[in-house]
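Remember, it's a predicted structure, so these values are computed and weren't measured experimentally. Reminder, nothing fancy here: chain letters follow the sequence lines and each chain counts from 1.
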2 protein chains.
Amino acid sequence: MNAAGRPPTIYDVARLAGVAPSTVSRAFSRPGRVSSQMAARVQAAANELGYRANAAARALQTGRTATIGLVVSDVTNPVHFGIIRGVEEAASQAGYTMLLADAQESEPHERTAVERLLPGVDGVVLASSRMSDRAIRAVAKQRPLVVLNRVVPGSRSVVSDTEAGVRSALAHLHGLGHRSVTYLAGPEASWADGRRWRALLDLGPEFGLRTARVASSAPTVSGGLAAARDVLRLRPTAVIAYNDLLGIGLLRGLAEAEVRVPEQISVVGFDNIFGSDFCTPALTTVAAPLRAIGTEAFWELHRLIDRQPLRTHPVLTLPTQLVVRDSTGVRAGSGSRRRKAAEGT
Amino acid sequence: MNAAGRPPTIYDVARLAGVAPSTVSRAFSRPGRVSSQMAARVQAAANELGYRANAAARALQTGRTATIGLVVSDVTNPVHFGIIRGVEEAASQAGYTMLLADAQESEPHERTAVERLLPGVDGVVLASSRMSDRAIRAVAKQRPLVVLNRVVPGSRSVVSDTEAGVRSALAHLHGLGHRSVTYLAGPEASWADGRRWRALLDLGPEFGLRTARVASSAPTVSGGLAAARDVLRLRPTAVIAYNDLLGIGLLRGLAEAEVRVPEQISVVGFDNIFGSDFCTPALTTVAAPLRAIGTEAFWELHRLIDRQPLRTHPVLTLPTQLVVRDSTGVRAGSGSRRRKAAEGT
DNA sequence: GTGAAAGCGCTAACAT
DNA sequence: ATGTTAGCGCTTTCAC
């Protein structure tokens, strides 16, 4: 507090230290441009007064806020836990504050959220965005942008290695004697969904696996539960779900229909979220390095904001790993005696 | 963009509309103080230019940011899903942006997070804070503040009705023939933990229930898993866990120890989080109206920020509800024939 | 290396 | 009801 009972400003610090306000400013924002003794003197005065730079004033002058926005498609999807933690960790390390916005699995909601937060941030991370490429490019035109779990031409992104993940899952199922696999699909607007289905289609033949596809109403537990009927209609021996939420829901739906997993149907999910280890049976899943995706995304954004040199390739791909649990087993009537086969990649 | 290639300001709008900059300012921030025709004229000009108020400039002048901070003890605890959604929903309805900070279940972390976000917000909501009353009061001295799931003398807060919740759980267990109940405790720094244990102690006798207490290392699934050994040492017939995370962990620990639930031990949790319905067995739990807690907290904060009249009582208590699932059953050897008894309050 | 002064975009007296 | 004007606290030329 200064004499007027308001927080101290650089003027207060300058007066106490017997220097010019501009020097105080430099001491804080351009540490190199001030002599070390001057720096010490200013620091001492600032500490004595409890000075803290006013972010609004700095932002007004520089146009930078030291804040980045993270928009997630759905905060209540545990897949975002790791991403949130990762981004936040890297951001605070770099002196940035993270603003989190929730798109509530709705494209209009997401647009509104982005629009609201855009003016107040130096850059944006879009996680599992449901917006169109066009809309994303429009955002990128306004602020530095990094996209997660998606590739948008012209934008930088961080993704997990879908192909390797799908391949390991298929290898695993093939090893268990399965001859076909049904994909329980995610949202139309999800890039990852398209990518996973594509990989299934491309790689299935490699393992002699036929493929089928069933839609879901929402990438949630209840969506999976509701989809069980449609899945059963195809009488599959193995299902790969777009994500763990759907996988867990499907498990429940199958249990309700008294279909035994994995004896009658094997189920594989994606992401390895909270809960995939304690549902029944525990879910076999393709784990993504979520936290690393978050930190990498932030640093990439940071380089963009600071106009630092970038990698040549705009897409950073991080490895996935198959986590084998109890929801996958040998195909019913396959004659194989092995309960659990090779675990893929 | 204006002539200089920068975003339009009130000066650009004023020039186009042929009015004074202050009139433009008023048209946006004090809609009542301009004539309706003037408002229309300014709006038209603003739309034509694509004018958006500069938040930093406004904040610099007024000291208000139209942003509030929400600090949660742990974003990866699903108990916060509803709270986050609730706060965010109300905030955006009121034209506020929500800044989310994660304390990562650590008191120092929480202090840092609060300190970082405090200067940039008009008010703060602290959810399940692990800070001391003293530290919280220090925050309240700097900004309007609402506390969740906790009562801090001198501060406004929103809590769920612990006593009623505990009472309904005890009535349920008593009805199932249990004669004692063991409490699996949460973090020392948790106010809710103290409150729940206190209620158990106070209300136990009412139902002829003896009480015991076992500590946990962390209010997480792994904390509950690890605590199973200590719990078993007491040979309880019923356990009430501080929260569902611990409850789910305990369930797993008991399963590993081949103790059957609910046949040998009944388990009750708190919160009714994501996952408590699909763990095995599904967890009986005291559900809190999380989303409502969030929205109420925001509106209370809003009143604080706007210096509007407040309720006389600083603590708003919201009702809880017992959700009976499969983790509770009649006491082993109790002779009772009922599988499921009355469900309490 | 340090100081002086202008101005970022907005709001709020004050004046008319 | 609208215009004029003076800052809010900071950074950034431009001098020295």
With distance as the sole criterion, do the side chain of [X] and the base of [N] form a donor-acceptor contact below 3.5 Å?
X	N	answer
Ser22(A)	dA4(C)	yes
Gln61(B)	dG7(D)	yes
Tyr11(B)	dC10(C)	yes
Arg26(B)	dG3(D)	yes
Thr62(B)	dT11(C)	no

Quick one: do Glu300(A) and Arg156(A) make a salt bridge, cutoff under 4.0 Å?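 Arg156(A) and Glu300(A): salt-bridged.
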By nearest nucleotide on DNA chain D, pick out whichever of Ala55(A) and Gly32(B) is the more 5' one.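 By nearest-heavy-atom nucleotide position, the 5'-most residue is Gly32(B).
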Out of [options], which nucleotide sits closest to the side chain of [X]?
X	options	result
Ala20(A)	dT11(D), dA4(C), dG9(D)	dA4(C)
Thr9(A)	dT2(C), dC10(D), dT12(D)	dC10(D)
Thr23(B)	dC8(D), dT2(D), dT11(C)	dT2(D)
Ser25(A)	dT11(C), dA4(C), dT11(D)	dT11(D)

Whole angstroms only, please: what is the [atom1]-[atom2] distance between [X] and [N]?
X	N	atom1	atom2	result
Tyr51(B)	dG9(C)	OH	C1'	8 Å
Asn54(B)	dT11(C)	CG	C1'	13 Å
Arg41(A)	dG1(C)	CZ	C1'	12 Å
Leu60(B)	dA12(C)	CG	C1'	13 Å
Arg6(A)	dG7(D)	CZ	P	12 Å
Ile10(B)	dG3(D)	CD1	P	12 Å
Gln37(A)	dG1(C)	CD	P	11 Å

At their closest point, which heavy atom of Ser128(A) faces which heavy atom of Asn149(A), and how far apart are they?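 The answer is OG-ND2, 3.6 Å.
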Tell me which of Val34(A) and Arg30(B) sits closer to the 5' end of DNA chain C, going by the nucleotide each one is nearest to.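 Here Val34(A) is the residue nearer the 5' end.
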Tell me what Ala59(A) touches on the nucleic acid: a base, only sugar-phosphate, or nothing, going by heavy atoms under 4.0 Å.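 The answer is nothing, as Ala59(A) stays clear of every strand by at least 4.0 Å.
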Taking any heavy-atom pair under 4.0 Å as a contact, classify Ala53(A): base, sugar-phosphate, or nothing.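 The residue Ala53(A) makes sugar-phosphate contact but no base contact.
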Assess whether atom CD of Glu188(A) is packed by more than 12 heavy atoms of other residues, nucleotides or ligands within 6.0 Å.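 Check fails, neighbour count at 12 or below.
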Does CZ in Arg303(A) sit with more than 12 non-hydrogen atoms of other residues, nucleotides or ligands closer than 6.0 Å?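 Yes - once you tally the heavy atoms of other residues, nucleotides and ligands closer than 6.0 Å, there are more than 12.
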Give me the one residue out of Glu107(B), Glu105(B), Glu110(B) that meets side-chain hydrogen bond (donor to acceptor under 3.5 Å, both in side chains) with Arg130(B).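 Going through Glu107(B), Glu105(B), Glu110(B) one by one, the side-chain hydrogen bond (donor to acceptor under 3.5 Å, both in side chains) with Arg130(B) is satisfied by Glu105(B) alone.
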If the cut-off is 4.0 Å, is Arg33(B) near the phosphate of dA1(D), judged by side-chain N/O to OP1 or OP2?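 Checking dA1(D) against Arg33(B), no side-chain N or O comes under 4.0 Å of OP1 or OP2.
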Exercise: do Thr295(A) and Glu89(A) side chains pair donor with acceptor under 3.5 Å: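 Glu89(A) and Thr295(A) do not have a side-chain donor-acceptor pair below 3.5 Å.
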